[in-house]
Amino acid sequence: MKQTQWWKKAVVYQIYPRSFNDSNGDGIGDIPGITEKLDYLENLGIDVIWLSPVYASPNDDNGYDISDYRAINPEFGTMADFDEMLAQAHARGIKIVMDLVVNHSSDEHEWFIQSRKDRTNPYRDFYFWRDGKNGKPPNNWGSVFSGPAWEFDETTCQYYLHLFTRKQPDLNWENSRVRGEVYDMMRWWLDKGVDGFRMDVISAISKVEGLPDGPIEEGDLYGNFVPYAFNGPRMHEFIREMNREVLSGYDIMTVGETPGVGVEEAKKFANADMSELSMIFQFEHVKLIDENGIKWGDKKICVRELKRVMAKWQNGLEGKAWNSLYWENHDQPRSVSRFGGEGRYWEKSAKTLAVCLHMMQGTPYIYQGQEIGMTNTIFESVRDYRDVEQINAFREYTEELGVSEEDMMRWIAKEGRDNARTPMQWSGAHAAGFTDGEPWIKTNPNYKQINAEKQAGDPDSIFSAYQAMIRLRKKFDVVTDGKFTLLDPDSDKNFSYTRETASEKLLVICSFSEKPITFAVPDDMIDSKILYCNYSPAPSATKELALRPWESVIFYKKRVFTDK
Ligand code: NOJ
């Protein structure tokens with residue numbers, strides 16, 4: 001099948017179905033709810049929906065624990081609802097990319113039910129079963145969601161590995177039957193007409209033989225599995241096999257979620273030769289907030305560091321592999337709260353974040369609500385949180401690590417995943433117009449000020465800024481193809497860069513400051529044409545440009561060549 005790489009020009013919108021739109025009043029978003037909102041997405045201008053999991057699941061981790069890969073979770077609707085959504089999306093020229101969660105399954109998946117029955121079951125080797133050591137787990141690894149990464153199972157007196165919750169046992173990719181089952185299932189969805197996959201923690205599918213103990217930092221309760229579970233020895237081999245067996249047969253888009261992967265590995269994963277995936281999600285820019293690898297803390301983002309990391313990826317993959325561009329997803333806090341300014345400059349900074357990201361090279365992702373500047377939420381009680389990661393971390397930090405409840409509540413409010421999972425704010429009506437019933441998680445109290453109804457028809461809204469960025473990407477090839485050069489790398493007040501091809505040049509200037517600043521426009525861009533500004537009146541490209549707080553400007557020039 002010819003690979004057209006259509007995804008290079010595409011903009012993706014991520015839907016977290018549980019929180020997007022509820023059509024039947026049970027408080028849980030659903031598939032018919034998504035279908036109802038396709039016109040809204042068409043109006044925004046996106047090309048692709050990445051759908052977080054809608055498969056059958058006991059919901060220990062909101063669908064990232066799948067018990068049947070070929071069934072729809074009844075909370076979300078039926079397979080007929082899914083087919084209808086896919087047909088309706090395709091009728092509008094919108095593609096649908098599914099989440100593929102195959103580093104682990106649910107412990108309620110038939111494979112695991114069989115596997116745990118006895119040591120000689122044909123499915124035993126679908127998972128990692130090991131004997132304990134002196135009454136302890138087989139190694140010292142801790143799970144991503146607190147506690148040990150091993151669970152003892154009384155039926156056969158062995159432990160099984162789970163990098164995430166105990167209800168998410170890791171699949172053993174060393175077993176070719178596991179891989180065969182996964183590839184069959186992928187073909188089944190692709191033959192149904194879906195347009196690709198986002199691959200959950202795909203960088204963890206190859207573990208180092210022997211599963212050695214991981215390093216333990218002072219103060220840690222468990223060893224770190226990362227050196228032995230991410231970027232494992234057979235990772236690329238497995239992905240190449242998947243590419244040969246499945247992906248190469250379809251003109252689709254694939255994006256690997258690859259924590260722990262740096263530029264060099266990314267060049268293999270997202271290589272222009274298309275031997276593996278279309279692109280990956282790198283984590284370096286969102287992990288700048290971490291201290292010693294831990295996300296719970298008071299650290300703030302340093303703009304200079306953010307620029308350094310983004311530029312490293314832009315330049316590192318240039319001409320060799322393809323970038324994905326994102327500020328947000330269902331695992332990250334809201335970008336306007338994290339990178340922008342929530343108060344007086346909420347609107348300006350949300351627009352500037354859109355400009356800054358969307359003019360880079362790569363495929364941009366918009367997470368539901370980002371296009372209207374949804375912010376982090378504040379819950380008064382830990383009981384209001386729903387995310388297994390936050391709930392477990394709160395318990396572990398306050399009960400075992402001596403952190404005060406006050407500190408932990410502040411850190412969760414800043415970095416927790418539930419910030420992204422509050423209901424989509426459609427209007428100022430009950431529950432932000434998300435449901436007629438009681439939402440499964442509390443609505444952000446600011447929905448009367450921040451909602452889609454207010455913004456969709458307003459030419460000055462954040463929504464309109466996203467529409468404008470999508471239009472610019474479609475209109476000017478330089479947005480897709482241009483070489484990226486970071487300007488002013490040492491400034492922590494502006495994030496500015498150029499993009500250029502032989503025939504076009506863009507200058508993208510983004511103030512990340514609440515104070516007025518000045519910016520020196522490069523000589524060759526003086527008097528260039530303005531394509532966008534988040535203030536009115538827009539400035540012209542003079543040598544010393546005075547930037548208003550969180551101002552963003554895009555200048556454009558057709559390049560003229562004279563024969564010597
Ligand atoms: C990454 C997903 O994005 C996250 O939501 C999930 O908890 C873990 N992988 C485990 O599947």
Side-chain angles (χ1 to χ4, degrees), residues 12-20 29 49-67 69 73 97-109 112 127-128 141-147 149 151 160-171 173 182 197-205 207 225-226 229-231 235 254-261 277 279-283 285-287 290 295-296 324 326-334 365 367-368 370 385-393 412 415-422 440-441:
V12 183
Y13 187 91
Q14 184 193 349
I15 291 182
Y16 193 69
R18 180 164 290 270
S19 305
F20 189 62
I49 292 169
W50 150 24
L51 196 60
S52 277
V54 289
Y55 313 93
S57 164
N59 278 326
D60 198 45
D61 185 18
N62 282 356
Y64 283 89
D65 48 319
I66 296 170
S67 51
Y69 291 97
N73 186 338
V97 161
M98 303 291 281
D99 223 303
L100 181 79
V101 188
V102 288
N103 170 68
H104 44 267
S105 71
S106 162
D107 67 338
E108 296 183 33
H109 192 288
F112 191 78
Y127 297 87
F128 293 89
W141 295 1
S143 122
V144 176
F145 295 149
S146 308
E151 180 73 5
Y160 66 85
L161 177 68
H162 59 89
L163 296 186
F164 295 90
T165 75
R166 60 170 69 99
K167 287 184 68 62
Q168 294 170 298
D170 279 55
L171 282 161
W173 277 66
V182 168
F197 295 105
R198 173 268 186 190
M199 303 182 183
D200 194 68
V201 279
I202 205 71
S203 49
I205 57 174
K207 277 100 179 163
F225 63 69
V226 168
F230 285 169
N231 287 307
M235 178 177 73
T254 50
V255 51
E257 191 215 23
T258 54
V261 164
L277 307 178
M279 64 194 106
I280 61 153
F281 291 129
Q282 59 87 14
F283 277 71
H285 65 309
V286 290
K287 288 216 171 279
D290 293 8
K295 75 194 241 180
W296 312 115
S324 67
Y326 75 98
W327 293 139
E328 286 185 28
N329 60 43
H330 64 292
D331 295 331
Q332 302 294 331
R334 291 293 183 174
Y365 289 71
Y367 178 67
Q368 65 186 41
Q370 183 180 344
Y385 286 107
R386 297 286 173 265
D387 172 26
V388 64
E389 179 185 46
Q390 293 174 202
I391 292 167
N392 290 356
I412 283 177
E415 288 302 311
R417 306 196 298 181
D418 277 343
N419 282 309
R421 300 175 181 186
T422 60
W440 69 277
I441 185 171

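The structure presented is a predicted model; accordingly, all values stated were derived computationally and were not measured. Every number for a ligand or one of its atoms is a count from 1 in the order of the listing.
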Just jot down the ligand 1 atoms closer than 4.0 angstrom to any heavy atom of Phe145, in number order. 7 (O)
For Glu389, state whether at least one heavy atom is located under 4.0 Å from any atom of ligand 1. no
When distances are taken from atom 11 (O) of ligand 1, the protein heavy atom at minimum range is Asp200 OD2, 2.7 Å
Distance under 6.0 Å and angle within 45° of ring axis: Arg18 vs Trp440: yes
Among Asp99, Asp60, Asp331, Leu163, the residue with a heavy atom nearest to atom 4 (C) of ligand 1 is Asp331
Atom 8 (C) of ligand 1 has as its nearest protein heavy atom Phe164 CE2, 3.8 Å
protein heavy-atom neighbour closest to atom 6 (C) of ligand 1 works out as Asp61 OD2, 3.3 Å
Looking at the rings of Tyr127 and His109, which for Trp means the six-membered one, are their centres under 6.0 Å apart? no
Looking at ligand 1, does Arg198 have a heavy atom less than 4.0 Å from it? yes
Report, in ascending order of atom number, the atoms of ligand 1 lying under 4.0 Å from any heavy atom of Arg417. 4 (C), 5 (O), 6 (C), 7 (O)
So, Asp107 and Lys167, do they make that salt bridge, N to O below 4.0 Å? yes
Heavy-atom closest contact (Ala393 atom, Trp296 atom, distance): CB-NE1, 3.5 Å
Check the pair His162 / Phe145 against side-chain contact (heavy atoms from CB on, under 4.5 Å), numbers first and verdict last. CA-CA 10 Å; His162 59 89; Phe145 295 149; over 6 Å; no
In the structure I gave you, are the side-chain heavy atoms of Met235 and Thr258 within less than 4.5 Å of one another anywhere? no
Salt bridge check: are Glu389 and Arg417 linked by an N-O gap of less than 4.0 Å? yes
Would you check whether Arg421 reaches within less than 4.0 Å of ligand 1, judged by its heavy atoms? yes
Please list, in number order, the atoms of ligand 1 under 4.0 Å from a heavy atom of His104. 10 (C), 11 (O)
